[in-house]
J.: 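For reference, the structure I am asking about is given below.
Small disclaimer: the values here were computed from a predicted structure and weren't measured.
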Amino acid sequence: AGWVCFQMVQIVKQAWKLDDSLDVFAVHGVGGSLGTLMVAVLAAESFGGRGLAEGVGIGEALGVQALGLVVTCLWSGVLSFVIIKLTALATGGIRVDKESEIEGLDLTSHGERAYHLE
């Protein structure tokens, strides 16, 4: 799982060019999804697990885990979208203007520089 997450970090940053500064999606999203799916496989007695429910095979258990993963992603995505829209509506937006972003929020929001680099 660590290798898969590391590879996903590379994809997110280099191929997709997304700013995921803490690698949240690549590590927690992908790692958690992989773990969710692998429960169906690694729980089987043939892989040293405690066994699946009686009459349930790895394929069926994997399908149930995949369905749960999809439902969780949809639920989280829809609720996140609603929360972002409500927050933007209540506060007048969730992004700063381009000038403030370039100047730096420490100066434009707090009136001082966080770093004195020369």
J.: How many angstroms lie between CG in L34 and CG in L69, if you round to the nearest 0.5 Å?
T.: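 Output value for this atom pair is 10.0 Å.
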J.: Would you indicate whether the side-chain heavy atoms of V41 and M38 approach each other to under 4.5 Å?
T.: yes
J.: Side-chain heavy atoms nearer than 4.5 Å, only ILVMFWY residues, links allowed to pass through others: does that put V4 and F47 together?
T.: yes
J.: Step by step, would you call E103 with R113 a salt bridge (Lys or Arg N to Asp or Glu O under 4.0 Å)?
T.: CA-CA 10 Å; E103 182 67 27; R113 292 204 182 278; 3.2 Å; yes
J.: If you define the side chain from C-beta out and look only at heavy atoms, does anything of E101 sit under 4.5 Å from R95?
T.: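 They are in contact (side-chain heavy atoms under 4.5 Å apart), so the answer is yes.
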J.: Verify, without hydrogens or angle tests, whether K17 (side chain) and Q14 (backbone) share a donor-acceptor contact under 3.5 angstrom.
T.: yes
J.: So, Q65 side chain and T36 main chain: donor-acceptor pair closer than 3.5 Å or not?
T.: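 Yes; at least one donor-acceptor contact below 3.5 Å.
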J.: If you define the side chain from C-beta out and look only at heavy atoms, does anything of S33 sit under 4.5 Å from L37?
T.: no
J.: Side chains of I94 and I84: does their closest heavy-atom pair fall under 4.5 Å?
T.: yes
J.: Less than 4.5 Å apart, side chain to side chain, heavy atoms only: is that true for M8 and W3?
T.: no
J.: For a quick test of reading the model, state the closest non-hydrogen atom pair linking A43 to L52 and the distance between them.
T.: CB-CD2, 3.8 Å
J.: Identify the two heavy atoms, one from V12 and one from F25, that lie closest to each other, and give their separation to 0.1 Å.
T.: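 For V12 and F25, the tightest heavy-atom pair comes out as CG2-CD2, 4.0 Å.
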J.: Would you say I58 ends up clustered with V64 if hydrophobic residues are merged whenever their side chains have heavy atoms under 4.5 Å apart, either directly or through other cluster members?
T.: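 No.
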J.: How long is the span from the CG atom in D97 to the CD1 atom in I102, to the nearest 0.5 Å?
T.: 9.0 Å
J.: Locate the shortest heavy-atom distance separating E45 from R50; write the atom from each residue and the value.
T.: OE2-O, 3.8 Å
J.: Between CD1 of I11 and NZ of K13, what distance do you get to the nearest 0.5 Å?
T.: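 Between atom CD1 of I11 and atom NZ of K13 there are 13.5 Å.
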J.: Give, for atom CD of E112 and atom CG of D106, the distance between the pair rounded to the nearest 0.5 Å.
T.: 7.5 Å
J.: Look at the side chain of T91 and the backbone N and O of T87, then say whether any donor-acceptor pair between them is shorter than 3.5 Å.
T.: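 Yes; at least one donor-acceptor contact below 3.5 Å.
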J.: Over all heavy atoms of both residues, which pair between C5 and G31 is shortest? Give the atoms and the distance, please.
T.: SG-CA, 3.5 Å
J.: Do D23 side-chain atoms and A26 backbone N/O form a donor-acceptor pair below 3.5 Å?
T.: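 Pair absent, no side-chain N/O of D23 close to backbone of A26.
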J.: Please determine whether residues V27 and W16 belong to a single hydrophobic cluster, defined as Ile, Leu, Val, Met, Phe, Trp and Tyr linked transitively by side-chain heavy-atom distances below 4.5 Å.
T.: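 No.
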